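For reference, the structure discussed in these notes is given below.
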2 protein chains.
Amino acid sequence: MTPMTKNLPHPRRNLANEIVSVLRSDIISGVINPGEALAEPVLAKRFGVSRAPVREAIIELERAGLVQFETTGRTRVRTLEEKDLAEIVETRIALESMGARLAATHWGPEHTLRVQQFIAEQEAATTDSEFSLLDIAMHEYIMKRSGNERLVVLWQYIRWQFEMALTYIHRLQINTAHDLRRFTVAGHWKVLETLAGRKPEAAAKVMAQHIIGSLEWSVTETTEHPPTAGSGPRKGHVAKMKKGSSASS
Amino acid sequence: MTPMTKNLPHPRRNLANEIVSVLRSDIISGVINPGEALAEPVLAKRFGVSRAPVREAIIELERAGLVQFETTGRTRVRTLEEKDLAEIVETRIALESMGARLAATHWGPEHTLRVQQFIAEQEAATTDSEFSLLDIAMHEYIMKRSGNERLVVLWQYIRWQFEMALTYIHRLQINTAHDLRRFTVAGHWKVLETLAGRKPEAAAKVMAQHIIGSLEWSVTETTEHPPTAGSGPRKGHVAKMKKGSSASS
DNA sequence: CGCCAAAAAAGTGTCGACACTTTGCGTCAC
DNA sequence: GTGACGCAAAGTGTCGACACTTTTTTGGCG
């Protein structure tokens, strides 16, 4: 963080935004743990700035759902229960189904190429986190193809919460799940097929199934209920969170 | 606005929130017009507080999409183009379809009664604004029945943008649209039917059709394209905004 | 009469300070 | 030893001030 209020050339003012980025990343990656307190003076000292920008940053994080205000006014990193995971996934489905539906209506060959590239990179990914990154990047790309900025903005918020939840699942993870990756990639191909075919309703439906399918796979012990790629799990309510493996969609 | 920082008993701290409420209401109702500038010192004087809470309030309004930051850092009330209206409606559909789907899964007789009451009040409403209020209140009630807080929070943001858009449509309005009301109420009955029947997929579908149907009706000159209640307009893209009448859904 | 320059006004980003509240801890009585 | 009390520490909400930037006004000059 730059010292403070001394002559910045004219780079559009920020600072709170930078703090948001850092804290968000810390929370999502688990550097700061759920339940941990976030005090303005402490963070101000850490970043070498005054409380004002820190305060703005914390408010933003609260809007994003990564942080929680207690009734006393104190701030803690949000803790995620099973119910939260269900809510996040439901909301993701709501937004991404519509995103896919809209994207399908003005899909072009160049977009198909881009997504194919994403999938190829996913197939070549060596680590779980690399795969996750590529997965989310592809979903973001499709969301942006919807042409609906509001949808994208709302999706971003949920996306961060989802990423945070993933970290949690990862902590419980025991073994790498190559099967999950294959399942996920298969889902991506199916989604791409509906997009390239400009079939909005099918795209919405397939996207919804893809998201819930990947999640249920990842939160359910794979040896117990291995969902088949063809007829993934259907019902809306998410399974118990067990020692699942790397989740992606 | 209360004077300032003198001993509040212990009512959980606010002030920025109160300012948000006032400004939001002013923007939605058209007291403050799109494109109009919002300067922190001016508002601070108006509310008799310092810039700090005002600043927080403005940030919140920006998150809600009612206000826009220019590259220079200045703030203006957001202006709505036709494209914005389409985005808002699409997003509403995404969220409310899922809301209805979820609500249908744990719908009870008491909820049916409540919604019936809403509809009865709508049928008895005398003014357009009263009808609009009841309409939104009912949609909110259904959203909350989804049991998904995140969905509700995101919906609130879009709801305010939608209400703001309504004010603009109303300004162009020429005649009261009793037909629209009948169409809307008919839609509400259909939605209720799917909820009471606990048919999630049908609820999602009917809700989507209801929202887009009401909107297209209201933004399209009714004498030109009167959509029939049975087979309302289907396609996703919203019609040209003409001198339509009171919009609700 | 219009146009450009310079000065004034208005506005934002950040800071440090203060009042008040809540939390935590040590002390003292029992 | 344990529990109540009270004081210190930490934290939030708000304020006013200052540095800098952008916009507006003013004033001089062609």
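Chain letters run A, B, ... following the sequence lines, proteins first and then strands; every chain starts at 1. Hydrogens, waters and symmetry mates are skipped; everything else that's a heavy atom, side chains included, is used. The structure displayed is predicted, hence computed values, not measured ones.
- For the segment residues 36-45 of chain B, residues with any heavy atom less than 4.0 angstrom from an atom of DNA chain C are, sorted by number, B:Leu38, B:Ala39, B:Glu40, B:Pro41, B:Val42.
- One can place CG of A:Asn14 at 19 Å from P of D:dC20, the figure rounded to the nearest angstrom.
- Atom CZ in A:Arg51 sits about 10 Å away from atom C1' in C:dA17, given to the nearest Å.
- Checked against D:dT22, D:dG16, C:dC15, the side chain of A:Ser50 finds its nearest nucleotide in C:dC15.
- Whole-Å rounding puts the B:Phe47 CZ to D:dT14 C1' distance at 16 Å.
- Taking the salt bridge (charged side-chain N to carboxylate O under 4.0 Å, His left out) definition, one finds that A:Lys45 meets it with nothing, sequence neighbours left out.
- For the pair A:Glu62 CD and D:dG13 P, the interatomic distance rounds to 11 Å; values are reported in whole Å.
- Residue B:Arg55 contributes atom CZ, which lies 15 Å from atom C1' of D:dC15 at whole-angstrom precision.
- Whole-Å rounding puts the B:Glu56 CD to D:dT14 P distance at 7 Å.
- For the pair B:Glu60 CD and D:dG13 P, the interatomic distance rounds to 14 Å; values are reported in whole Å.
- Taking the salt bridge (charged side-chain N to carboxylate O under 4.0 Å, His left out) definition, one finds that A:Arg46 meets it with A:Asp26, sequence neighbours left out.
- We find that CZ of B:Arg76 is positioned 11 Å from C1' of D:dT23, with the value rounded to whole Å.
- For B:Glu70, the salt bridge (charged side-chain N to carboxylate O under 4.0 Å, His left out) criterion is met by B:Arg76, not counting sequence neighbours.
- Residues meeting the salt bridge (charged side-chain N to carboxylate O under 4.0 Å, His left out) test with A:Glu140, sequence neighbours left out: A:Lys144, A:Arg159.
- Annotation: cation-pi pair A:Arg74/A:Phe69 absent, no NZ/CZ under 6.0 Å from the ring centroid and within 45° of its normal.
- The stretch residues 31-41 of chain B participates, sequence neighbours left out, in these salt bridge (charged side-chain N to carboxylate O under 4.0 Å, His left out) pairs: B:Glu40-B:Arg51, B:Glu40-B:Arg55.
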